[in-house]
Amino acid sequence: MKKIAIILLTLFALWSCTKDGPSGPNVDDFDREAILVNWSDNIIIPSFTAFSGSADQLHSDASAFAQAPTLQNLEILRNSWKSAYLAFQHVSMFEMGKAMELRFRDNLNIYPTDTTEIETNIMEGNYNLELSSLNDSQGFPALDYMLNGLGANDTETLAFYTTHENSNGYLTYLTDLTARIQFLSSEVLTDWTSGYRDEFVSNSGNGANSSLDMMVNDYIYYYEKHLRAGKIGIPAGVFSGSPLSTHVEAYYSDAFSKSLFNEALNASQNFFNGTHFESNTSGESLKSYLDFLNTMKDGTDLATLINNQFDAAREEAKILNDNFAEQVESNNNLMLSTYDQLQLNVVYMKVDMLQALNINVDYVDADGD
Amino acid sequence: MKLNKLFVLTLTSIVMISCGSNDDPQIDVPANYEFTRNGESTVSFTGQTTRIKMTTELVGAINDFDNSTKELLLQMYRNQTADGGDANPYSDEELNAATKNVKSKVAASTDYFSTNTTVSAELKNQFETWLINQIEEVYPNENTMAEPGQPGQIADGSSTRYVNGKGFEYNQLVGKSLIGALMTDQILNNYISTSVLDAGTNREDNNNGTLAEGSNYTNMEHKWDEAYGYLYGTATDLSNPVPTTGDDDAFLNKYLGRLEADEDFAGISQEVFDAFKLGRAAIVAGEYAVRDKQAQIIRENLSKAIAVRAVYYLQSGKNALDQETPDYGAAFHDLSEGYGFIFSLQFTRVPNSDSPYLTKTDVDGFLAQLTQGNGLWEVTPQTLDNIAQEIAGQFDFTIEEAAN
């Protein structure tokens, strides 16, 4: 057996040496499992743990507000909502396993939210938030409306929860929204910590259904559709031809859309570099895989190009108004130039990186009907 | 030198063969679908445009939970009230004013149904049953989660689909089945049929340039144009529809465009248009053999378009079901479209024959396999593969070519 293995290995080595193109490390020689371990133990599970904790806090603060709807409790709740929304930016890209089954992102962050539907739900009171037709009237964007969009100022907003004829309906809807976020986040976290982590790590092959291939596809899909398009491109009118300021994330908050964008951009770059959650330590990652393969593009190291491009997008976004809706209305060109910087990394990652890692794109734009 | 001579000889032969083939030099084929007599256009297919628009409104209204009722949907289908009175169900006033309707042209071709009115009536009524079921089964369950045996809604990506207890979307059943029962049947088995083109004194009139009463066209010219209208009646440029084929309606035009976009079938859209154009020019020239040859080309290609889409959706549905966590929402949507395309297969036409590629019996058998028990909730990948194989086996394409 050993002999055969050696012969085969030799043949393989010879074959490798004789094939055309740049010689270098083989894509299969890298320890893919090491990446999966680093992702799970140092990024994904800690991120979901943090998010689940902030979702607990959010619900507990919403319940406290429902008990005593004061301005002070409203402020506390708004802060919890912001913390949880920021924490969500670290897990939104991991739409696999239980998260995929629950359609986690669709439940938590479809925007713009449907305020007419929210008001109907509150008025009629017999809603079922598990229905996919109610995805756009729940999650963080719905809470944004409930906390920042009901009234023109704090007094008006508070009145919906105190003196409004259906104030109980508003309070119930508010706590139902936070309860659902808490439930969904705990479901996903529990799944990761009670078996899915091992399943994820052990599926370390290089086929289309391997963990690495699927995660990389999910990650690039997230970057392309939700970070680049959702947070910047769609409100800037890249796809519709005219700017849509109402389509920014956290539309009802004064100056929060940019914070969410920056958080998501950092989370994406950290994932690429294998940077541990809330730490400066890095482990095996897409970057180290590309480094191992010594991947070059036009004479420059591809991993460096990608990191530089993340930095360029962040730099370009620096001058943006903290309120993206205002930015779209005052000078949309700055939004567009940020979009362009983000788009360059779609090419580096979706084309060059996937080619180097020998991964096929598994998603296409929907049929449209 | 010898080689050169041979080359010249071959070239000459090719040129001669080309000249001697179907493109009879006497036929004057215009660049676009434009034909005139005494300086005025002879092309007319307003009735087809109207029916495509009516069908579009009907299919759009099926999931309009806030505004649609059983009466409204049935009126859109019949353009009449239940007791035969004048109805105004459409948002487009031109459609309300029209005397045309969808129902009378469903399963109504001369070749397939003029002596088969029992089946024609059954098929016409099938659409009414679907519309009624939508209101009675699905509407009351708009805000219920679908389960086996339970109509309601189900997520498909970020879309929400509304299905019956077996997992089928009635709007897809109606929309995709009409591609066969209305557009395909009228084109392949009615307007480009010899029996219709040559009916009565049509040939004699066409030869003599005798025009239909009050019109600038001969009856035969008009019949051919009506066939054209069921494919291109809402095209952006009615005389030059190839560049926008696929975008001009949600029916046969759309799915011919889908084939065009698949490299395995690229060129089909031009081929169909060229056949329509040459056939029409042949009628003007009185060259009926050329005309009939174009009709066969149209039959072959449009039949294939339906079959390819049937196989495509069966395969997409299979892939969505055949995984660790089945994506029921995506599968149900694909397979509902697939159901409609399979239904449509009974209206296809094998060139130079009087029969469809798959008979009504074949089609009913496939559909029974999809709907038995709890329907799509329990259909197996094996069943979907088998049906796809049986369909593709009647055509000259493979499952792989259709599936991507």
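Convention: sequence-line order gives letters A, B, ...; per-chain numbering from 1.
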**Prompt:** Do the ring planes of B:F343 and B:F127 sit parallel (below 30°), tilted (30 to 60°) or perpendicular (above 60°)?
**Reply:** perpendicular

**Prompt:** According to the interplanar angle, ranging from 0 to 90°, do the rings of A:F271 and A:Y219 count as parallel (below 30°), tilted (30 to 60°) or perpendicular (above 60°)?
**Reply:** tilted

**Request:** Give, as side chain, backbone, both or neither, the part of B:Q323 having an atom under 4.5 angstrom from any heavy atom of chain A.
**Result:** neither

**Message:** What part of B:S158 gets within 4.5 angstrom of chain A, counting heavy atoms only: side chain, backbone, both, or neither?
**Reply:** both

**Lys/Arg N to Asp/Glu carboxylate O, B:E337 vs B:R309, below 4.0 Å** = no

**Request:** Name the orientation class of the two ring planes belonging to A:Y196 and A:F200 (parallel below 30°, tilted from 30 to 60°, perpendicular beyond 60°).
**Result:** tilted

**Side chain, backbone, both or neither of A:N135 within contact of chain B (heavy atoms, under 4.5 Å)** = neither

**Request:** Give, as side chain, backbone, both or neither, the part of B:S159 having an atom under 4.5 angstrom from any heavy atom of chain A.
**Result:** backbone

